[in-house]
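The analysis underlying the following values was restricted to heavy atoms, covering all of them including side chains, and did not include hydrogens, waters or symmetry mates. Order of the sequence lines fixes the chain letters, A, B, ..., with proteins taken first and strands second; residue numbering starts at 1 for each chain.
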Number of protein chains: 2
Amino acid sequence: MASAPPPASSRDLLLDAAERLFAEQGFARTTIKQIGRAAGVNSALLYYYFADKRELYREVLHRFVARLVARTMDASAGDDPEAGIRAFVAAQADTIALHPHAPRLFVRELVDADPGAAVDQVRLLAVTSFRRLCALIEEGQRAGLFRPDASAPFAAISTIAQLAYFSIARPAVALLLGKQRDGVSAATARDFARHAADFALAALAARPAPRARRSAGRARAHRSAR
Amino acid sequence: MASAPPPASSRDLLLDAAERLFAEQGFARTTIKQIGRAAGVNSALLYYYFADKRELYREVLHRFVARLVARTMDASAGDDPEAGIRAFVAAQADTIALHPHAPRLFVRELVDADPGAAVDQVRLLAVTSFRRLCALIEEGQRAGLFRPDASAPFAAISTIAQLAYFSIARPAVALLLGKQRDGVSAATARDFARHAADFALAALAARPAPRARRSAGRARAHRSAR
DNA sequence: GTCTATAGGCTGATAGAC
DNA sequence: GTCTATCAGCCTATAGAC
């Protein structure tokens with residue numbers, strides 16, 4: 001934990017309020033006046049610090065991605081493949097826990113036909129965190145720890161997708177898990193983060209005995225949903 | 001494949017146009033006039049068939065979920081656990097391929113603090129497709145095919161999260177995979193669907209030799225990203 | 001069933017005082 | 001740096017002719 005941040009400038013207050021509101025309601029539905037009200041400052045002040053509503057949005061997005069990259073890169077450096085992947089997923093979970101609204105904010109941008117502001121942030125992720133995760137998987141494959149027949153980028157997507165989806169669709173996940181409250185508890189989120197790392201590592205693990213685990217079942221049932 | 005649908009009524013044209021536009025731009029940014037224009041009918045006609053913009057949205061959502069439930073339930077019925085899970089994922093992939101915009105539409109609703117229209121649809125999914133997937137996993141655990149230490153609901157979420165995330169974040173995935181065009185090819189999507197089923201089944205598979213696969217690495221690196 | 005025309009409300013952004 | 005006041009533009013939804 002970094003030391004408690006100083007007074008908190010109006011600029012930061014605006015960024016914090018915007019992060020929450022944009023994530024909860026989306027860009028279009030969130031109004032300038034709402035942000036000003038939530039930040040406790042006048043809404044016109046927004047135009048003193050940011051060129052327009054869009055730039056405020058970009059700034060919020062960038063703050064989150066920068067922290068995600070820093071934490072995942074930091075946590076997964078210099079470890080062996082298995083420990084590195086565990087640390088990577090843990091860092092992903094921790095960053096999300098600190099910015100619970102950010103994944104939703106991010107995904108809102110990603111689903112756009114024109115992912116405008118997000119495209120630069122995704123590019124950054126692609127050459128840092130995502131590349132690191134792929135490298136860890138490939139290293140494990142070379143070392144004989146992981147099965148060699150899996151595509152490293154695909155496996156990396158499957159790995160990050162778990163926590164990403166969990167936090168994005170959190171209200172829905174609560175319903176799927178049969179929770180009553182409209183939120184998943186922090187403890188459940190932690191449990192799922194551990195599960196996600198286990199799940200990915202189990203999926204990657206080299207089979208100790210690659211014998212006839214299934215003899216005739218490989219080709220069938222593959223396209224049964226036509 | 002059902003036989004080619006007849007002429008396509010104005011109502012259906014509106015629904016189709018709305019599905020695409022809502023998914024691409026979101027609810028708020030999509031205007032009544034855009035939908036009318038895209039559907040090739042007058043925008044005021046929308047109020048003849050639907051009470052308001054919101055009801056049109058609910059209708060689009062319901063159409064997709066109903067088809068997803070039908071296909072996944074149909075495909076995964078009566079199979080053994082492994083074949084059932086493969087069929088389930090294949091049905092998920094096929095439904096998405098037929099409604100490429102729908103997952104984005106759906107997730108837009110899910111990320112809202114108040115998932116309004118989606119909550120009923122998620123409830124429906126929870127007691128049908130999701131429950132089926134959990135049952136398949138538990139059945140495999142009882143039969144000794146799958147590791148007994150995994151949580152079935154968590155594993156089910158991890159399973160569906162892969163394709164869900166892939167199709168939701170499609171523009172970002174294209175960047176992560178280093179594709180030039182701003183879309184992932186249909187072939188790549190098919191490859192990923194196969195990978196997703198393999199990944200999930202490998203993660204679930206019972207270890208033939210549960211010996212010392214890792215001796216001292218369990219506890220460490222778990223919280224390294226503080 | 002499909003259209004034209006328009007009312008009425010809300011929003012992003014600016015001007016300018018302090 | 002922070003505020004008040006305000007406007008021009010766009011959007012949903014309705015009325016009503018055909």
Side-chain angles (χ1 to χ4, degrees), chain A residues 5-63 105 108-109 111-118, chain B residues 5-63 105 108-109 111-118:
Chain A
S9 64
S10 291
R11 190 174 190 278
D12 287 330
L13 288 172
L14 284 166
L15 281 170
D16 290 339
E19 175 170 313
R20 202 193 82 227
L21 288 169
F22 282 149
E24 285 177 351
Q25 311 180 334
F27 180 81
R29 225 190 320 166
T30 300
T31 70
I32 299 294
K33 313 221 184 220
Q34 276 181 329
I35 297 173
R37 204 180 315 133
V41 301
N42 191 282
S43 57
L45 191 57
L46 194 149
Y47 291 93
Y48 179 77
Y49 289 110
F50 307 96
D52 55 12
K53 191 183 172 186
R54 195 82 206 166
E55 197 200 277
L56 169 62
Y57 189 78
R58 270 194 297 270
E59 210 65 45
V60 170
L61 216 59
H62 178 259
R63 200 173 59 158
L105 181 71
R108 278 186 186 280
E109 195 70 16
V111 299
D112 278 2
D114 167 28
Chain B
S9 64
S10 290
R11 189 174 190 279
D12 287 329
L13 289 172
L14 284 165
L15 281 171
D16 290 339
E19 175 170 312
R20 202 193 79 228
L21 289 169
F22 282 148
E24 284 177 352
Q25 311 180 333
F27 181 79
R29 226 191 318 166
T30 300
T31 70
I32 299 294
K33 311 220 189 224
Q34 277 181 327
I35 296 172
R37 205 181 315 132
V41 302
N42 190 281
S43 57
L45 192 57
L46 194 150
Y47 291 92
Y48 178 77
Y49 289 110
F50 307 96
D52 56 12
K53 191 184 174 187
R54 195 81 207 168
E55 197 200 278
L56 169 62
Y57 189 77
R58 270 193 296 270
E59 210 65 46
V60 170
L61 216 58
H62 179 258
R63 201 174 57 158
L105 180 71
R108 279 188 186 278
E109 196 70 15
V111 300
D112 278 2
D114 167 28

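Among all heavy-atom pairs drawn from R108(A) and F22(A), the shortest one is NE-O, 3.4 Å. Listed here is the closest heavy atom pair of L46(A) and L14(A): CA-CD1, 4.1 Å.
Partners of A28(A) under the side-chain contact (heavy atoms from CB on, under 4.5 Å) rule, at least two apart in sequence or in another chain, are A28(B). Remark: R37(B) engages no residue in a side-chain hydrogen bond (donor to acceptor under 3.5 Å, both in side chains) (not counting sequence neighbours).
Picking from dC3(D), dG1(D), dC3(C) the nucleotide with the shortest atom distance to the side chain of V41(A) gives dC3(D).
A 4.5 Å side-chain heavy-atom check between Y57(B) and L105(B) finds at least one atom pair inside the cut-off.
Across all strands shown, F50(B) has no heavy atoms under 4.0 Å from either base or sugar-phosphate atoms.
Atom CG in N42(A) sits about 13 Å away from atom C1' in dA13(C), given to the nearest Å. What separates CG of L45(B) from P of dA15(D) is a distance of 17 Å, to the nearest Å. Between L14(A) atom CG and dG1(D) atom C1' there is a gap of 12 Å when expressed in whole angstrom units.
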Nucleotide N/O to protein N/O under 3.5 Å, stretch nucleotides 11-13 of chain D:
| from | atom 1 | to | atom 2 | distance (Å) |
| --- | --- | --- | --- | --- |
| dT12(D) | OP1 | T30(B) | O | 3.3 |
| dT12(D) | OP1 | K53(B) | NZ | 2.9 |
| dT12(D) | OP2 | I32(B) | N | 3.1 |
| dA13(D) | OP2 | Y47(B) | OH | 2.5 |
| dA13(D) | OP2 | K53(B) | N | 3.2 |
| dA13(D) | O5' | Y47(B) | OH | 3.4 |

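Taking the charged nitrogens against the carboxylate oxygens, R54(B) and E109(B) do have a contact shorter than 4.0 Å, which makes a salt bridge.
Contact check, S10(B) against dT2(C): a side-chain N or O comes under 4.0 Å of OP1 or OP2.
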